[in-house]
Amino acid sequence: MSFIELHLGSHIISHGYDENNTEIVENISADEFSKKLVAVSRIKSLSEKYILTDYAHGRWIYWEYQEDFDEVKKLLNN
């Protein structure tokens, strides 16, 4: 399994949708970024602000990251 090292901070957890098709989200605020290893296979997309990862039981997590967008893109292409 391949991993990349990132500094991740605040994040939004998507728990799915309710009976009215409204997304159920949980916002988690972090005071600072923490160094984490992320499995490349869990990464679903990358934007300039968020990296989207999957999680157990159909959850999705939108993480804020500290690195530069092009730097992360380069890490993912290696």
Side-chain angles (χ1 to χ4, degrees):
M1 185 177 288
S2 181
F3 292 87
I4 60 172
E5 183 179 294
L6 296 171
H7 293 85
L8 303 177
S10 298
H11 51 286
I12 302 166
I13 304 171
S14 174
H15 293 281
Y17 295 86
D18 66 13
E19 63 278 351
N20 297 316
N21 205 30
T22 302
E23 190 173 20
I24 302 166
V25 295
E26 179 181 359
N27 292 292
I28 310 295
S29 293
D31 293 331
E32 55 190 45
F33 291 91
S34 298
K35 191 184 322 184
K36 298 187 186 295
L37 287 176
V38 179
V40 172
S41 62
R42 292 185 51 203
I43 297 172
K44 303 305 173 194
S45 71
L46 179 70
S47 71
E48 290 185 8
K49 184 172 182 176
Y50 294 107
I51 187 163
L52 174 62
T53 62
D54 63 5
Y55 192 67
H57 309 292
R59 294 181 184 129
W60 301 92
I61 304 178
Y62 297 87
W63 292 93
E64 288 184 1
Y65 62 96
Q66 189 175 42
E67 288 77 11
D68 177 72
F69 176 81
D70 290 327
E71 181 181 345
V72 176
K73 212 166 70 168
K74 185 177 177 180
L75 287 172
L76 290 171
N77 286 325
N78 287 335

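Sequential numbering from 1 along the given sequence is applied to the chain's residues. Predicted model, so just to flag it, every value in this text is computed and none were measured.
- Listed by chain and residue number, Asp54 satisfy the salt bridge (Lys or Arg N to Asp or Glu O under 4.0 Å) test with Lys44 (two or more places apart in sequence, or in another chain).
- Checking Val72, Ile4, Leu52 one by one against Ile43, the side-chain contact (heavy atoms from CB on, under 4.5 Å) holds for a single residue, Ile4.
- Judged as a side-chain contact (heavy atoms from CB on, under 4.5 Å), and not counting sequence neighbours, the contacts of Asp70 are Asp68, Lys73.
- For residues 59-78, the pairs satisfying ring pair (Phe, Tyr, Trp, His ring centres under 6.0 Å) are His11-Trp63, with sequence neighbours left out.
- Residue pairs that meet the salt bridge (charged side-chain N to carboxylate O under 4.0 Å, His left out) test with at least one member in residues 10-34, sequence neighbours left out, do not exist here.
- Taking every heavy atom of both residues into account, Ala30 and Gly9 meet most closely at CB-C, 3.7 Å.
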Quick one, Val38 with Leu8, criterion side-chain contact (heavy atoms from CB on, under 4.5 Å). Give me CA distance, side-chain angles, the key distance, then yes/no. CA-CA 10 Å; Val38 179; Leu8 303 177; 3.9 Å; yes
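- Expressed to the nearest 0.5 Å, how far CG of Leu6 lies from OG of Ser34 amounts to 12.0 Å.
- Here the CD atom belonging to Glu64 is positioned 5.0 Å from the NZ atom belonging to Lys49, to the nearest 0.5 angstrom.
- Shown here are the side-chain hydrogen bond (donor to acceptor under 3.5 Å, both in side chains) partners of Arg42, two or more places apart in sequence or in another chain: there are none.
- Residues Ile28 and Ile61 fail the side-chain proximity criterion, which asks for heavy atoms closer than 4.5 Å.
- A ring pair (Phe, Tyr, Trp, His ring centres under 6.0 Å) check over residues 21-59, counting only residues at least two apart or in different chains, returns nothing.
- Closest of all the heavy-atom pairs between Leu75 and Glu5 is CD1-O, 4.1 Å.
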